[in-house]
Number of protein chains: 2
Amino acid sequence: MTTMTARERRAAQKSEYDAFLALCPTRQLFATISDKWVGLVLVALADGPQRYNALSRIVAGISPKMLTQTLRTLERDGMIQRTVTASVPVRVDYDLTALGRELLPLMVGIKQWAQDHMDAVIGARHLFDRRDDAQA
Amino acid sequence: MTTMTARERRAAQKSEYDAFLALCPTRQLFATISDKWVGLVLVALADGPQRYNALSRIVAGISPKMLTQTLRTLERDGMIQRTVTASVPVRVDYDLTALGRELLPLMVGIKQWAQDHMDAVIGARHLFDRRDDAQA
DNA sequence: CAGCATCCTGTAGGATACTG
DNA sequence: CAGTATCCTACAGGATGCTG
């Protein structure tokens, strides 16, 4: 095992990342992309670039603070691109990068899953609460 | 449009759920499944039932409080099943339900994505911070 | 229009200790 | 073993007002 190829070493390296481990950097990355605002903003960019105010309309209920904060995080992590067009007033567009576009399907899937299974979840909650009442 | 078939009505009904809307119940469901502990616990159940203490070992760093809280939420929402075996000491197993198993691939995908793209994200962060320093 | 700065609050969630 | 109960606090995140 002292004679691993570069490819093998890289594969071994990759497998060292594990979000189950509290101190692994991927734990933090997992937490970031498992954020409600992050997910919704990414999905909001699915159909192409959007401007700041458009995003705040699509992702209804997000505060300017959280929108800005989410966009900064995503930009820093290389998932979206921020483009400023110098005009009066200034115009800013946000667009997915290649990296962001790779993550997009997962996020769309989650949003879709929630919408597709809402009724089932509501049913499960009723059952659970009913059974819980009987106990108490 | 007063003559929709049952199928059409159901489709229309489904499309009324939209997690982009602040007050849609799916917004809350989306938030729930976009939770770091929820995701990790679900993935921890991928290979079959697990006991409480096993889960706390797999999902390293989770506090008893958050583990219990997460398990309760998932049970109530119908994604996991809690089974108590009366013995001394008592034995409790958690397992995915059919509903949970439908969600699992998405969660596994997210965790895998984080691990697969950690290096790219680290690189993006360096670039961003460097550019940011130059500005300041 | 696209934010940033500030203030303020609730609460997520960790640490710890105890129990059937 | 599988939790519950309690305490405590850092920070998520909303509201508001200002600016280039």
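We name chains A, B, ... by the order of the sequence lines, and we start the count at 1 in each one.
Proximity note for A/Y94 (side chain, C-beta onward) versus D/dG3, D/dA2, C/dG3: the nearest is C/dG3. The side chain of A/R72 sits closest to C/dC4 out of C/dC4, D/dT4, D/dC1.
Put simply, A/R51 has a side-chain N or O that comes within less than 4.0 Å of OP1 or OP2 on C/dA2. Listed pair B/R82 / D/dG3 meets the phosphate criterion, a side-chain N or O lying under 4.0 Å from OP1 or OP2.
B/D18 has a carboxylate O that lies under 4.0 Å from a charged side-chain N of A/K111, or vice versa, which qualifies the two as a salt bridge.
Taking B/A44 as the reference, A/F20, B/L55, B/I58, B/V59 meet the side chain to side chain contact (heavy atoms under 4.5 Å, CB included) condition, with sequence neighbours excluded.
Taking atom CG on B/L71 and atom P on D/dG3, their separation rounds to 7 Å, with Å as the unit. Distance CG (A/L67) to C1' (D/dG13): 13 Å, rounded to an integer number of Å. D/dG20 atom C1' lies 15 Å from atom OH of A/Y52, rounded to whole Å. Rounded to a whole Å, the CG atom of B/D93 is 15 Å from the C1' atom of D/dG3.
Looking at heavy atoms from C-beta onward, A/F128 lies in side-chain contact with A/R131 at the 4.5 angstrom threshold.
Between the side chains of B/T83 and B/Y94, not a single donor N or O lies within less than 3.5 Å of an accepting N or O. Neither side chain, A/Q69 nor A/T73, offers a donor N or O lying under 3.5 Å from an acceptor on the other.
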Pairs: protein N or O with nucleotides 9-16 of chain C N or O, under 3.5 Å:
residue, atom, partner, partner atom, Å
C/dG13, N7, B/K65, NZ, 2.5
C/dG13, O6, B/K65, NZ, 3.3
C/dG14, OP2, B/S63, OG, 3.0
C/dG14, O6, B/K65, NZ, 2.9

Under 3.5 Å, which donor-acceptor pairs link side chains of residues 99-107 of chain A to any protein atom two or more places apart or in another chain?
residue, atom, partner, partner atom, Å
A/R101, NH2, A/L96, O, 2.9
A/E102, OE1, B/H117, NE2, 2.9

